[in-house]
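Remember, it's a predicted structure, so these values are computed and weren't measured experimentally. Here is how names work: the chains are called A, B, and so on, in the same order as the sequence lines, proteins then strands, and each is numbered from 1.
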Protein chains: 2
Amino acid sequence: MKGISIKDIARQAGVSPTTVSFVLNGKAKEKRISDQVSKKILKIANKLKYKPNQLARGLRTGKTKTLGLIVEDIANNFFANVAKVVEDEADKHGYKVLYGSTEDNSDKARGLLEVLKYRQVDGYIITPAKNMEKEIELLKMVRKPVVLMDRYLPNVDSHYVVVDNFQGAFAATSHLVEQGYKKIGIITTTSDQVQMKQRLDGFVAALKKHGIPFNKNVVKRLPFEMDRAAHTQEIIRYLRTTKVDAVFFATNYLGIYGIESIRSMGLRIGPDVGMVSFDDHDLFRLHSPSITCVSQPIEEIGRQIVNLLMKELNHASSTSQHLVLSPTLEVRQSTQKTVQAELPA
Amino acid sequence: MKGISIKDIARQAGVSPTTVSFVLNGKAKEKRISDQVSKKILKIANKLKYKPNQLARGLRTGKTKTLGLIVEDIANNFFANVAKVVEDEADKHGYKVLYGSTEDNSDKARGLLEVLKYRQVDGYIITPAKNMEKEIELLKMVRKPVVLMDRYLPNVDSHYVVVDNFQGAFAATSHLVEQGYKKIGIITTTSDQVQMKQRLDGFVAALKKHGIPFNKNVVKRLPFEMDRAAHTQEIIRYLRTTKVDAVFFATNYLGIYGIESIRSMGLRIGPDVGMVSFDDHDLFRLHSPSITCVSQPIEEIGRQIVNLLMKELNHASSTSQHLVLSPTLEVRQSTQKTVQAELPA
DNA sequence: ACACTGGGCTAAATCGATTGAGCGTGTTAT
DNA sequence: ATAACACGCTCAATCGATTTAGCCCAGTGT
């Protein structure tokens with residue numbers, strides 16, 4: 001039950017716990033501990049496989065070597081993949097990750113923050129839900145390192161790592177236009193957060209640039225909380241009524257529901273309805289026809305997030321870094337009006 | 001920076017920290033604290049939004065209200081979904097989750113356990129990598145609640161929640177036979193862990209039951225560590241050389257690679273090569289043709305895992321529970337030799 | 001011979017909560 | 001009248017590591 005403590009080592013080495021602590025924390029020189037004693041202590045610590053009790057250490061120092069990761073939905077492909085990278089990178093620095101999903105619900109998000117706070121995590125990676133300005137500010141006030149991801153809060157000065165949503169959406173929409181689609185719609189979430197706004201803005205800007213009038217009712221907004229069936233129903237109704245010939249789906253799960261919807265209407269993706277989705281996914285790659293998408297550089301996102309956090313934790317604190325990475329347009333078959341010699345399925 | 005402590009409350013209430021602790025832990029009656037004092041303390045605690053410091057509490061009591069979740073790969077659809085359920089369920093009981101991925105690598109798994117141990121997690125949910133018998137036994141020795149998932153260790157007496165892999169594979173394979181496929185292969189991992197073994201056994205048993213001779217070289221084993229490209233290459237080579245007319249893919253990512261491979265060979269899934277994969281996935285549902293699969297009851301798996309753990313944590317400790325849930329065969333188009341009026345894509 | 005310096009190490013306080021032992025005071029039983 | 005007990009609460013130790021202050025001894029300078 002009990003682990004090896006610093007006292008056990010002290011006893012065996014015939015020195016005080018203080019000395020052991022100094023040595024194990026690499027302060028031997030600084031604290032003028034003799035080499036003999038140092039080596040002896042290190043040897044014993046090794047033999048006993050001593051691991052410091054993180055609770056005790058944390059209680060005293062206030063550092064827990066734990067990061068809090070708050071995502072929208074850990075079961076979502078994008079977030080799960082980022083989480084994996086974050087975990088790996090954090091591990092390299094000796095940090096563990098506590099996670100939680102907000103379901104894009106502010107109350108749930110606040111609850112998570114609360115819990116992480118009194119668990120004393122050292123740093124936060126947050127996919128903010130709406131109305132969380134105060135909470136984030138509060139973290140800054142108490143000098144806790146915070147990196148926002150996927151989206152940021154325009155009125156809060158903080159680090160963040162996102163992709164260029166405007167460019168991504170712009171490229172996707174332009175591509176649809178260039179492929180000859182005439183009436184292009186967008187299906188997005190009801191969220192008015194910055195990432196969704198920018199995707200919508202990119203969409204509108206691309207239309208404008210190509211001289212296509214923008215009609216408000218090609219924009220369909222669906223709430224995150226709705227279930228799968230309701231989503232597809234709504235999408236089907238939208239497609240029926242607006243008669244768009246191409247759709248930009250502003251996030252991955254909408255793209256997936258979109259595929260389902262279009263197909264269940266008996267329409268052909270590409271010839272009848274062109275589509276592009278934000279985020280890549282195995283499904284998009286392997287679907288027939290394959291789905292054109294705006295792919296986020298997940299590896300780099302994860303790495304940069306942890307990087308920033310580590311810099312902050314090492315007090316190399318600087319002004320807020322705003323990392324805007326470039327997404328990539330993966331052109332596939334879902335944006336071709338004429339059916340090619342398709343890969344056989 | 002500093003939070004509200006029990007001392008602050010004690011000062012304001014004009015009582016000792018001990019009394020505050022008793023009241024806040026619901027021991028007022030037991031410890032004979034007067035109602036007046038009790039109420040006063042509770043009121044102050046509320047006003048100050050007191051949250052106990054979990055580190056201090058953990059240091060003293062040995063309980064951290066944290067669970068360790070060790071999965072094979074948090075970015076994998078199946079595990080990510082289970083993780084989500086686990087997180088939700090744990091939250092209901094006031095527990096947080098620390099997670100890590102093993103990549104099916106025993107050393108990484110051991111490292112994770114080590115870390116979780118000295119972080120003093122209260123209970124473990126483990127997808128064991130091979131050769132972890134000793135580590136699990138050790139946890140049992142120190143009376144830490146453990147629930148294994150996805151697979152178990154035959155020589156270790158512990159709780160576990162798995163699906164009936166044999167039945168799942170048996171049903172999948174039988175279905176292939178019944179659909180008229182004659183030469184059926186299986187692609188699995190190099191792992192000789194129980195879940196994979198049972199899937200293979202189920203496969204073999206189904207062949208036997210249908211009077212089909214089992215030839216060892218229809219079994220292809222691929223190591224987890226290999227990258228995507230190598231996987232598909234190997235699968236393609238296998239398909240070319242063995243000339244099977246249907247394949248059972250023993251886990252989700254193999255199924256995905258399988259789709260890629262078959263298609264890149266210019267073969268039609270269904271008519272040319274039938275296929276079933278273990279685990280469900282959006283991709284399998286929406287692929288054309290859709291992919292028949294053995295679907296695991298993810299919600300229930302997650303719920304049962306947390307359930308078991310909570311029972312243990314509340315010392316209702318009993319004999320080891322072995323929960324074997326039933327998977328469902330989702331029959332789709334990938335196991336039809338004749339092309340139906342396919343849903344247009 | 002005495003103050004001073006610096007090397008090598010330790011005592012004790014501290015972080016915040018929990019908990020076994022115990023201390024007055026008033027009431028009851030004998 | 002006095003032991004015995006209930007009541008209502010507090011003291012102080014404890015968990016394990018960190019950290020500040022400082023002790024003791026040897027050598028140096030004057």
Checklist entry - Touch check for Tyr50(A), heavy atoms < 4.0 angstrom, all strands: base, sugar-phosphate only, or nothing? => result sugar-phosphate

Checklist entry - Just how far, in rounded Å, is P of dT18(D) from CG of Leu59(B)? => result 12 Å

Next on the checklist: Under 4.0 Å from OP1 or OP2 of dG16(D): is there any side-chain N or O of Arg57(A) that close?
Outcome noted: no

Next on the checklist: Using whole Å, what does the distance between atom P of nucleotide dA17(D) and atom OH of Tyr118(B) come to?
Outcome noted: 12 Å

Next on the checklist: At 4.0 Å (heavy atoms only), tell me whether Ser34(B) reaches a base, stays on the sugar-phosphate, or touches nothing.
Outcome noted: sugar-phosphate

Item to check | 5' priority, DNA chain D, between Thr61(B) and Lys27(A) [closest heavy atom] | outcome: Thr61(B)

Checklist outcome for this item: Whole-Å distance, Lys31(A) NZ to dG6(C) C1', equals 15 Å

Checklist entry - Are Lys29(B) and Asp35(B) close enough for a salt bridge, meaning some N to O gap below 4.0 Å? => result yes

Next on the checklist: Expressed as a whole number of angstroms, how long is the span from Lys65(A):NZ to dT18(D):P?
Outcome noted: 12 Å

Next on the checklist: Looking at Asn53(A), I'd like to know whether one of its side-chain N or O atoms comes within less than 4.0 Å of OP1 or OP2 on dC15(D).
Outcome noted: no

Checklist entry - Taking CG from Leu24(A) and C1' from dG16(D), how many angstroms apart are they, rounded to a whole number? => result 13 Å

Item to check | Within-4.5 Å side-chain heavy-atom neighbours: Val161(B) and Gln321(B) | outcome: no

Checklist entry - Do the charged groups of Glu300(B) and Arg303(B) touch, with an N to O distance under 4.0 Å? => result no

Next on the checklist: Going by ring-ring contact (aromatic ring centres under 6.0 Å, His included), name the pairs with one or both residues in residues 63-114 of chain B, residues two or more places apart or in two chains.
Outcome noted: Tyr99(A)-Tyr99(B)

Checklist entry - What about Arg60(A), does its side chain sit under 3.5 Å from the base of dT14(C) through a donor-acceptor pair? => result yes

Next on the checklist: Please determine whether the number of non-hydrogen atoms from other residues, nucleotides or ligands lying under 6.0 Å from atom NZ of Lys40(A) exceeds 12.
Outcome noted: no

Checklist entry - Leu55(B) CG to dT18(D) C1': how many Å, rounded? => result 14 Å

Checklist entry - When all nucleic acid strands are considered with a 4.0 Å heavy-atom cut-off, which category describes Ser5(A): base, sugar-phosphate, or nothing? => result sugar-phosphate

Next on the checklist: Please report the distance, rounded to the nearest Å, between NZ in Lys39(A) and P in dC9(C).
Outcome noted: 13 Å

Checklist entry - Are any non-hydrogen side-chain atoms of His159(A) and Val146(A) less than 4.5 angstrom apart? => result no

Checklist outcome for this item: Per atom distances to the Asn25(B) side chain, the nearest of dT19(D), dT18(C), dC9(D) is dT18(C)

Item to check | Asn25(B) (side chain) donor-acceptor with Lys27(B) (main chain) under 3.5 angstrom | outcome: no

Checklist entry - Going by an N to O cut-off under 4.0 Å, is there a salt bridge joining Lys84(B) and Glu103(A)? => result yes

Checklist entry - Just checking Lys29(B): base, sugar-phosphate only, or nothing, at a heavy-atom cut-off of under 4.0 Å? => result nothing

Under 3.5 Å, which protein N or O atoms sit close to an N or O of nucleotides 23-26 of chain C? Give each pair with its distance.
none

Checklist entry - Where does DNA chain C form stems of at least three consecutive Watson-Crick or G-U wobble pairs, each pair having both distances below 3.5 Å? => result C:1-30 with D:1-30

If you look only at distance, which donor and acceptor atoms sit under 3.5 Å apart when one is on a side chain in residues 110-135 of chain A and the other is two or more places apart or in another chain?
unit_1, atom_1, unit_2, atom_2, d
Arg110(A), NH1, Asn131(A), O, 3.2
Arg110(A), NH1, Glu135(A), OE2, 3.2
Arg119(A), NH1, Thr64(B), O, 2.9
Arg119(A), NH1, Lys65(B), O, 3.0
Arg119(A), NH1, Thr66(B), OG1, 2.4
Arg119(A), NH2, Lys65(B), O, 2.9
Asp122(A), OD1, Thr64(A), N, 2.8
Asp122(A), OD1, Thr64(A), OG1, 3.2
Asp122(A), OD2, Thr64(A), N, 3.1
Asp122(A), OD2, Lys65(A), N, 2.5
Thr127(A), OG1, Ile70(A), O, 3.1

Item to check | Distance, rounded to the nearest Å, where Glu30(A) contributes CD and dT20(D) contributes P | outcome: 10 Å

Under 3.5 Å, N/O pairs linking protein and nucleotides 10-12 of chain D:
unit_1, atom_1, unit_2, atom_2, d
dT10(D), OP1, Ser16(B), N, 3.3
dT10(D), OP2, Ser16(B), N, 3.0
dT10(D), OP2, Ser16(B), OG, 3.2
dT10(D), OP2, Thr19(B), OG1, 2.3
dC11(D), N4, Thr18(B), OG1, 2.7
dA12(D), N6, Thr18(B), OG1, 3.1

Checklist entry - Is Glu72(A) salt-bridged to Arg151(A), cutoff N-O under 4.0 Å? => result yes

Item to check | Worked check of side chain to side chain donor-acceptor pair (under 3.5 Å) between Ser21(B) and Thr18(B) | outcome: CA-CA 5 Å; Ser21(B) 174; Thr18(B) 305; over 6 Å; no

Would you mind writing out the side-chain donor-acceptor pairs for residues 42-54 of chain A within the sub-3.5 Å range, not counting sequence neighbours?
unit_1, atom_1, unit_2, atom_2, d
Asn53(A), OD1, Leu55(A), N, 2.7
Asn53(A), OD1, Ala56(A), N, 3.0

